[in-house]
Amino acid sequence: MATKPSIPKGTRDFAPMEMARRNYIFDTIKSVFRLYGFQQIETPAMENLSTLMGKYGDEGDKLLFKILNSGDFLTHASQESLDNRDSIKLLHEVAEKGLRYDLTVPFARFVVMNKESLTFPFKRFQIQPVWRADKPQKGRYREFYQCDVDVVGSDSLLNEVELLQIVDDVYHKLGVNVVVKLNNRKILTGIAEVMGEADKIIDITVAIDKLDKIGIENVNAELAEKGISQEAIGKLQPIIAMKGTNQEKLETISKVLATSEIGLKGVEETSTILNYAEELGINTEVELDLTLARGLNYYTGAIFEVKAKDVEIGSITGGGRYDNLTGVFGVSGLSGVGISFGADRIYDVLNQLNLYPAEMLQGTQVVFTTFGDKEFKFALQCLKKVRQAGISAEIYPEPTKMKKQMSYANGKAVPFVAIVGETEVEAGKVMLKNMTSGEQKLVSIDELTTTLKK
RNA sequence: GUGAGGUUAGUUCAGUUGGUUAGAACGUCGGAUUGUGGUUCCGAAGGUCGUGGGUUCGACUCCCACACUUCACCCCA
């Protein structure tokens, strides 16, 4: 008995219309990446579990998809773990591979394995799906695409600026109004030092990162709950509430951080990046946001986040600098900086704003319709010539009712139909109908190709 | 992992205190129209009412479990 087919939770099919839209996004992003000298790589969908485990924290280990060993995998399982139903121990006995969880760890693994043959600074981009055994909800899937672009092996702040330029170019091309939020991990460290709570930096940044969402009072409540002193919270208030231009904010914060060496370093870095950005004429608004924390564990320098101005959605792009990218694989001294474009969220934004260019969706330009075998043969010759001229064309695969053939063209939103009947064959021409205006005229194949090439 | 809602035709949804044959719109297919789609008119197909169990003379309707799905937390993209 045939059961209704379905797909695993959190996964999606992409129909032709969706693929056209997604490819438009991917192609736009790729073209900009290439323009800045980044080279594409791909890594396998599956990695050794030893590569993945322990890189994303305990939560991350739980969210990894594991792949059962081939063959009779239970023969290698110990009786002890089977008897005790010890899933974690059993896992290591029956699974050695897992699906990639992000693109950064496989990239680090790639760099370590190929470091002898790579030219540094190495500029790479990578657009591939990743998998997480998460509970799906709005904007969260178990299979989704990441578009990562990173430079590894260079400490220059120009790399940060180039990433800002890439963001600027990509969203300009896509027609999305965005604001880039910029911060620096060193400034956050400095703030924690000045507050006298340097060891609580993670609690502090996690709390102030929620400012937009839960408000100042709840942030302070959370800080107090984490054991931050009232005096320290008091010192934080003017920093959180800071207003003004980026320049004014930098001046204020450098005074606040006067006693923190690392904090001042962060201010200096940020100032350099902003100056570069201004000189190079970045059109996108770049806002210094001292409450931006974002994935604090990895990042050690600049932190970026991009938000769409016209749509209520989380960040659509984010990243930052992380020293010691490859340290976990035994190679230290390589610093990286990169950002990741969230293709699925960008897709949602473009859908809501209806920003797809019309020509993007056009596939077939003309459909040939015929009435009998003689016309069909003639039309096949015409079709060949039209395709050779580089025009996307098709023929209805059998001579049948006009209505049916027209409906087919209409259903695919094909802009032109070439009608081939007895009189057209005799004249050696086709009746070209414009499906939008309804106008039609008798044309030769040469005239047809020149009309459609416009 | 925690909490709340939902699941009826391809899609979006109605469905009366539990009562004969479960409806609509859109879409699909056919015809009106044998050389003209998108508009109009006529007709048809399409449902184990998420799955399994329970209560009942009788369940789409009430109860339980599970699956799937949406939303909010946690975390993240």
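To find a chain, count down the sequence lines: A is the first, B the second, and so on, and within it residues start at 1. Just so you know, these numbers come straight off a predicted model, no measurement behind them.
For the residue pair A/Glu269 / A/Asn184, a side-chain donor-acceptor distance below 3.5 Å is found, with atom types taken as modelled.
B/A32 sits 44 Å from B/U70 when the C1' atoms are compared, rounded to a whole Å. Look at the P atom in both B/A4 and B/C66: the space between them is 13 Å, to the nearest Å.
If you check every strand for non-hydrogen atoms under 4.0 Å, A/Thr423 touches a base. Counting non-hydrogen atoms under 4.0 angstrom, A/Tyr408 reaches nothing in the nucleic acid. No contact: A/Glu143 has no heavy atom under 4.0 Å from any strand. Among the protein residues, A/Gly372 comes within range of no part of the nucleic acid, since none of its heavy atoms lies under 4.0 Å from any strand. Here A/Gln405 lies out of heavy-atom contact (under 4.0 Å) with every strand. Residue A/Lys135 is in base contact, counting any heavy-atom pair closer than 4.0 Å across all strands shown. At the heavy-atom level, A/Lys433 lies under 4.0 Å from base atoms of the strands shown. Residue contacts for A/Gly438: at a heavy-atom cut-off of 4.0 Å it reaches a base atom on one of the strands shown.
For the pair A/Met406/A/Tyr396, no side-chain contact is recorded, criterion being any heavy-atom separation below 4.5 Å from C-beta on.
Checking B/G35, B/C76, B/C74 against the side-chain heavy atoms of A/Lys210 singles out B/C74 as nearest. Residue A/Arg345 places its side chain closer to B/A77 than to any other of B/G31, B/U36, B/A77.
When rounded to the nearest whole Å, the span between NZ of A/Lys9 and P of B/C66 equals 13 Å.
Applying the 3.5 Å distance criterion, the base of B/G35 shares no donor-acceptor pair with the side chain of A/Gln440. Side chain A/Asn410 to base B/G38: no donor-acceptor pair is found below 3.5 Å.
Nearest-nucleotide mapping onto RNA chain B: of A/Asp134 and A/Met435, the residue sitting toward the 5' end is A/Met435. Along RNA chain B, the nucleotide nearest A/Leu63 and the nucleotide nearest A/Met431 are compared for position; the residue whose nucleotide lies closer to the 5' end is A/Met431.
Cation-pi geometry between A/Arg321 and A/Tyr299 is not met at under 6.0 angstrom from the ring centre and within 45 degrees of the axis.
Rounding to the nearest 0.5 Å gives a distance of 11.5 Å between CD of A/Glu193 and CG of A/Leu188.
A/Lys403 has no side-chain polar atom (N or O) that falls below the 4.0 Å cut-off from OP1 or OP2 of B/G31.
Residues satisfying the side-chain hydrogen bond (donor to acceptor under 3.5 Å, both in side chains) criterion with A/Asp203, sequence neighbours excluded, are absent altogether.
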